[in-house]
Amino acid sequence: MNLEDQLSALGDVSAPPTLRPSTLLAAGVADGYFPLDTPVGQLFVAYNA
Amino acid sequence: MDAAGFEALVLEHQDGLYRFALRLTNCPHEAEDVAQEAFVRAWRWGAGGRAYPTYLRPWLYRITANVARNRVRRKQHPSAPLDGGSELRAGGAGPEALAASAETRCELAVCVASLPLRYREAVVLRHVEDLSYDEIASALGRPVGTVKSDVHRGLALLRAAISKEEYV
C-alpha cells in the first residue's frame with residue numbers, strides 16, 4: 001500500500017456519538033436535562049446553553 | 001438556517017471535521033472540542049443574519065483549522081517539526097518506542113501529527129479528507145499553487161520520516 005492509500009485509511013474514523021448532542025447544546029439549539037430528586041419524585045430539569 | 005438545518009449540517013459534516021481536528025491536535029478529546037467549537041462558530045455566523053458561503057464544506061474546514069491552530073499554539077502540543085533534519089518524536093516517545101510500532105496505522109498517525117502544522121493541514125485535507133486542491137485553497141486561505149507545494153512537501157517529509165523509522 002502506498003503512502004497516499006495509507007493516509008486515506010486514516011479517514012476511517014467517525015465522530016464520537018457525544019459530538020452532535022454536545023454541539024447542539026453548546027449552540028443553544030437543544031435543551032439539556034439533568035435529574036433532580038425532589039419530595040414528589042425525580043424531576044428532569046431542562047437547561048439551555 | 002434553523003435548528004433542524006443546523007442539526008442536519010452537524011450530522012453531515014461531523015465525521016469530517018472531527019477527523020481533521022483529530023489529525024491536527026492528535027488528541028481525541030481536543031478534537032471533539034475543536035469540532036464542537038467550529039460548529040458553534042458556524043451556527044453563530046448564520047444566527048447573526050449573515051449568509052452562509054456557497055461552498056460550505058471548505059468553509060467549515062477553514063473554521064476548524066482556525067480553532068485548531070489557536071489551540072495547538074496555545075497548548076504547545078508535543079509535535080516536533082520534521083523539516084530541518086529534526087528528530088521525529090511524539091509525546092516524548094523515543095525512537096525505540098516508535099520503531100516498535102512501525103508499519104502500523106498508529107505510527108503513520110504519529111508521523112502525520114509530527115508534521116509542521118502548515119503541511120499537516122494540507123496533507124490531511126488532500127489525502128485523508130479527499131478535498132480538491134481548490135477546496136483546500138479555500139479552506140486554508142492559500143493559493144492553489146502553494147497548497148500543491150505544501151502537500152508535496154508534506155508527503156516528502158512523511159516519506160522521509162517513515163523511511164527513517166524503518167531503519168532504526
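Chain naming here is simple, since letters A, B, ... match the order of the sequence lines and numbering starts at 1 in each.
Between the side chain of B/Ser163 and the backbone N or O of B/Arg159 there is no donor-acceptor pair closer than 3.5 Å. Side-chain N or O atoms of B/Asp15 include one that pairs as donor or acceptor with a backbone N or O of A/Ala15 at under 3.5 Å. A side-chain donor-acceptor contact under 3.5 Å links B/Thr25 to the backbone of B/Ala21.
Proximity to chain A (any heavy atom under 4.5 Å) is shown, for B/Leu155, by both the backbone and the side chain. Looking at B/Arg126, there are no atoms closer than 4.5 Å to chain A (heavy atoms on both sides), in backbone or side chain. No part of B/Val124 comes within reach of chain A, as not one of its non-hydrogen atoms sits under 4.5 angstrom from that chain.
B/Tyr52 and B/Trp59 have perpendicular rings, their planes meeting at more than 60° on a 0 to 90° scale where under 30° would count as parallel.
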